[in-house]
Every structure is written in C-alpha cells, then in structure tokens.
Amino acid sequence: MKNAAKQWRYRMIGAAVALLGIIVLTTYLLTPANAEERTNVQSPSANKAQLANSEVYTAYIDGMRVEDGKLMLTVDKIGWYQGEEADAIFKQRNPDAGMDEAPDGYYIVNDNKEQEQVEVKADANVLMQLYDRDGTVQGADIQWNEPVSLTKFESLYGDKRMLDLSVFPYHLTIQDGKVIKIVQQYIP
C-alpha cells in the first residue's frame, strides 16, 4: 500500500512539473520577442528622449497620395497614453464615467483635428500588427511588428474590403522632416 501511494505521489508531482513546463513554454512562445517595445510605445512625455533631429508622435493617417513621385501622408496628431498615464488622463477628462481605469489600458486624446501633410522617405520602415494578408478573416491575425514594404503598406491602406487601416493610430518617426518609420498601434 505504501508503494502505491508513493507511485501516485510521484505521478502527481510529474504531472504538475509537466503542466508547469507547458505553461512556461506556451508563455514564452506566445509572447512577442519585442513585447517591451510594444508596451513601451512612445507617448508625448517620451518624445524628449529622441535625438535632436528626430521626433516620434502618434497620429491617425487620414489619407495618402503620391505627389511628384513622393508619398505624402495626411495625418491627424493625437495624444496616445497607456497604463497609469492613460488612467490618470481618463479620470481627469471623464470624472463621472464610473470607472477608475482607461478602458483596454489605453486612452486617446484628439482635441485638435488639424491635419498636416508629411513626406515619407522612400526607404521608410513599416511595422504592422494586424492587416488582411489573404482576403480571409483568418488571414487578418495579429503578428507583432511584422515588417512590410512601403509599397505593400500603400496597397493595404487603400484596400478597405476586410479591414480599414485608417482606424488604427500609427507611431511615426520623423527625421529631417520626413517619415522614416511607421508603426501600427494595435487597438483591441
């Protein structure tokens, strides 16, 4: 009887260790390698750390067109906030909401809907989180910071059949007056 109890205990310990291993492995495999970059997106307060000749801001891309062979974006700058900063601004701006936290952990402020035109450098980097890859719902899944060419981004932006990319904010890195990096911000 003692031997059976001992075997049962070892099996339970083995099962617990195996389950823990599966949880750790699954967490590792499903966590993007750059999760820190994704959760630490640039907010207005982080812009100060940028180089003197570049800036990062968040904006909606309201349109794009080619003008004299250059891609031009029509952008509407917004305030993008996450975490505690989002919660504080949410509470300040919505004191009667009956909520203590910003929904979904982020908050967008767009008090000034002025648009401006910015030129995109021909070799700008584009990182997407969610887009229509093949015309199916299954093909529009999340792939964190997936690089796409600027030409592909233009094509995706214009195709609104499955997913309208203009509803997402984008973090734009501007250097010497031109966009050098476009990062789509995923919003749930």
Side-chain angles (χ1 to χ4, degrees), residues 30-86 89 102 104-134 139-188:
L30 295 179
T31 301
N34 50 7
E36 183 178 322
E37 179 182 329
R38 196 178 73 249
T39 58
N40 237 357
V41 293
Q42 299 292 330
S43 65
S45 60
N47 286 342
K48 297 172 189 167
Q50 295 299 316
L51 297 173
N53 66 343
S54 71
E55 72 173 307
V56 176
Y57 60 80
T58 306
Y60 287 113
I61 298 175
D62 290 336
M64 62 176 64
R65 70 183 189 295
V66 176
E67 184 178 293
D68 297 326
K70 300 172 186 170
L71 180 62
M72 302 297 291
L73 301 180
T74 303
V75 299
D76 175 13
K77 290 182 181 180
I78 62 171
W80 169 263
Y81 305 95
Q82 284 185 217
E84 292 177 9
E85 191 175 25
I89 292 172
D104 295 318
Y106 71 90
Y107 193 69
I108 295 172
V109 175
N110 191 10
D111 292 335
N112 182 353
K113 299 202 183 233
E114 279 185 37
Q115 296 179 329
E116 62 183 73
Q117 307 297 312
V118 291
E119 180 182 338
V120 180
K121 205 168 171 197
D123 63 349
N125 294 317
V126 180
L127 300 176
M128 299 294 290
Q129 319 310 322
L130 177 66
Y131 67 93
D132 176 16
R133 289 172 182 76
D134 61 8
D141 62 342
I142 300 168
Q143 299 290 325
W144 298 116
N145 293 326
E146 180 180 344
V148 300
S149 70
L150 186 57
T151 304
K152 181 164 180 103
F153 178 64
E154 287 179 77
S155 172
L156 292 168
Y157 186 86
D159 184 1
K160 297 181 181 353
R161 290 176 294 166
M162 182 67 71
L163 188 63
D164 182 358
L165 295 180
S166 69
V167 301
F168 292 93
Y170 293 86
H171 304 286
L172 305 176
T173 303
I174 312 295
Q175 188 172 45
D176 299 325
K178 297 179 183 174
V179 177
I180 62 167
K181 187 174 184 181
I182 301 169
V183 180
Q184 180 192 38
Q185 173 62 54
Y186 172 74
I187 51 175

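Basis for what follows: all heavy atoms, side chains included, without hydrogens, waters or symmetry-related copies.
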Once you round to the nearest 0.5 Å, how far does [atom1] of [X] lie from [atom2] of [Y]?
X      : Y      : atom1 : atom2 : answer
Ile182 : Met64  : CD1   : CE    : 6.5 Å
Ser166 : Asp62  : OG    : CG    : 7.5 Å
His171 : Thr173 : NE2   : OG1   : 9.5 Å
Asp76  : Asn110 : CG    : CG    : 4.0 Å

Just by distance, do the side chain of [X] and the backbone of [Y] share a donor-acceptor pair under 3.5 Å?
X      : Y      : result
Tyr81  : Ala102 : no
Asp104 : Tyr106 : no
Gln143 : Met128 : no
Asp159 : Arg161 : yes
Asp123 : Asn125 : no

side-chain contact (heavy atoms from CB on, under 4.5 Å) between Gln129 and Asn145, worked out: CA-CA 5 Å; Gln129 319 310 322; Asn145 293 326; 2.9 Å; yes
Name the atoms and distances for all side-chain donor-acceptor pairs under 3.5 Å in residues 65-72, with sequence neighbours left out.
from	atom 1	to	atom 2	distance (Å)
Arg65	NE	Glu67	OE1	3.2
Arg65	NH1	Gln117	OE1	2.6
Arg65	NH2	Glu67	OE1	2.6

Identify the two heavy atoms, one from [X] and one from [Y], that lie closest to each other, and give their separation to 0.1 Å.
X      : Y      : value
Tyr157 : Gly63  : OH-N, 3.4 Å
Leu172 : Ala59  : CD1-CB, 4.3 Å
Leu150 : Lys121 : CD2-O, 3.6 Å
Ile174 : Val179 : CD1-CG2, 3.3 Å
Asp132 : Leu156 : O-CD2, 3.6 Å
Pro169 : Thr58  : CB-CG2, 3.9 Å

Determine whether the aromatic ring centres of residues Phe153 and Tyr170 are separated by less than 6.0 angstrom.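 Ring-ring flag for Tyr170/Phe153: true, centres closer than 6.0 Å.
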Arg133/Glu146 ion pair, N-O < 4.0 Å: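 Looking at Glu146 together with Arg133, the answer is yes, because their closest N to O distance falls below 4.0 Å.
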Tell me every residue that passes side-chain contact (heavy atoms from CB on, under 4.5 Å) with Ser155, counting only those two or more places apart in sequence or in another chain.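 Scan of Ser155 (side-chain contact (heavy atoms from CB on, under 4.5 Å), adjacent residues dropped) gives none.
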Are Lys181 and Val183 close enough that some pair of their side-chain heavy atoms sits under 4.5 Å apart?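 Answer yes - side chains close enough.
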For Lys77, give me all partners under salt bridge (Lys or Arg N to Asp or Glu O under 4.0 Å), at least two apart in sequence or on another chain.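 With sequence neighbours excluded, Lys77 shows a salt bridge (Lys or Arg N to Asp or Glu O under 4.0 Å) to Glu116, given in chain and number order.
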Which residue is it: Trp80, Trp144, Phe168? I am looking for the one with a ring pair (Phe, Tyr, Trp, His ring centres under 6.0 Å) to Tyr186.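 For Tyr186, the ring pair (Phe, Tyr, Trp, His ring centres under 6.0 Å) test succeeds with only one of Trp80, Trp144, Phe168, which is Trp144.
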Residues Tyr131 and Gln184: side-chain donor-acceptor under 3.5 angstrom: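 Side-chain D/A pair, Tyr131 to Gln184: absent.
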